Amino acid sequence: MSHAAADRYAWTEPEVEDLGGGVHRIPLPLPLDGLKAVNIYAITDPGGVDLIDAGMALVAARERLTGALRQLGYELGDVRNFFVTHIHIDHYSLAVELRREFRSLISLGEDERANMIATREMLNGTGGHRVFGAESLRRLGAAELTGRLSELERMGPMFRDWEDPDRWVADGADLDLRTRTLRAVHTPGHTRGHLIYHDSAAGVMFAGDHVLPHITPSIGFEPAGNRMALRDYLRSLARTLALPDARLFPAHGPVTGSTHERVNELLAHHDGRLAETLAAVTAGHATPFEVAKAIKWTRRQRLFDDLDLFAQVQAVNETAAHLEVLLIRGQLTRETSPVGADLYQVRTPTA
Ligand SMILES: [Zn+2]
């Protein structure tokens with residue numbers, strides 16, 4: 001591994017990082033290809049611990065968390081609250097497992113209710129595919145990918161116990177911890193119910209997956225789906241910029257000095273993607289699938305055909321989200337083909 005690559009993954013090392021003010025970053029392991037770890041943040045006081053996010057329900061993650069808390073002088077039973085940023089398995093599932101044994105309370109954004117319902121339908125077999133975004137493939141012109149989906153449905157960590165949180169948190173709620181107040185800010189986009197937790201007094205932003213320092217968060221990758229995910233996400237980024245700047249405490253990646261700096265980079269990234277998407281439609285690519293194949297993917301500028309199936313499903317859905325923003329902005333029109341696929345065209349000014 002090169003030096004740069006080693007630095008890039010330094011944050012995944014199993015070490016507790018003291019961030020001052022009684023806040024510690026605890027990276028927990030993940031079994032996912034691209035994502036090696038998830039940060040959870042422990043906020044401690046003499047009476048106990050509150051955690052931002054919980055990690056994935058895995059023996060290795062639970063052991064790591066137990067060890068990290070012990071290092072700080074606490075036990076799992078001292079965890080009072082899990083303030084979870086969003087419903088994804090790597091943030092939520094360990095909280096459910098630990099709540100069975102201890103009395104901790106789980107808080108989650110109220111707009112994740114639809115995802116909770118869709119997840120249960122998926123597990124009961126009443127909600128169609130288990131791969132998020134698979135339902136929409138026909139509409140996105142990518143029906144040919146659906147035949148291979150069973151490959152994906154057999155794999156993956158399966159967590160079955162999707163239980164409700166104790167508290168569905170509303171936008172703007174102030175959470176009174178013993179040492180500080182966190183403001184829950186609804187930031188839909190990554191998922192529809194994502195929350196960031198802002199401590200304006202301490203100048204700290206617990207950003208979940210809304211703002212990540214090294215990677216671009218996926219958009220609308222959620223069981224309930226969200227056609228307007230990118231529109232929502234861009235609004236959420238603007239909303240984040242309207243808050244006072246704060247140190248960035250992300251769920252994946254190292255802590256950085258400024259949330260705003262990264263938000264501006266993410267906005268610039270999506271501006272670039274929107275321009276590429278518009279150029280592809282101008283060149284005659286009409287369905288989200290065709291457009292996705294016409295543009296490059298990941299930091300390494302890979303071809304669509306070189307992505308694995310899972311990444312292709314995500315790429316087609318991301319492309320559709322960009323097309324919908326161009327539609328809302330009046331730059332494109334959309335009609336439906338005879339087989340039910342969305343066809344986009346550049347809007348020509350009417351004379
Ligand atoms: Zn995550």
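Note that the structure is a prediction, hence the values are computed from the model and not measured. Ligands are counted one by one from 1 in listed order, and the atoms in each one are counted from 1 as well. Keep in mind that the numbers below use all heavy atoms, side chains included, and drop hydrogens, waters and symmetry copies.
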Is any N, O or S atom of His252 under 2.8 Å away from the Zn ion (ligand 1)? yes

Considering only N, O or S atoms, which atom of Asp209 is nearest to the Zn ion (ligand 1)? OD2

Please check if the side chain of Asn115 supplies one atom and the backbone of Glu112 the other of a donor-acceptor pair under 3.5 Å. no

Distance-only polar pair, side chains of Asn317 and Ser136, donor-acceptor under 3.5 Å: yes

Rounded to the nearest 0.5 Å, what separates atom CD1 in Ile196 from atom CG in Leu243? 6.0 Å

Please name the atom of Asp90, limited to N, O or S, that comes nearest to the Zn ion (ligand 1). OD2

Looking only at side-chain N and O atoms, does Asp90 offer a donor or acceptor that is under 3.5 Å from a partner on His252? yes

Tell me whether His88 has at least one N, O or S atom under 2.8 Å from the Zn ion (ligand 1). no

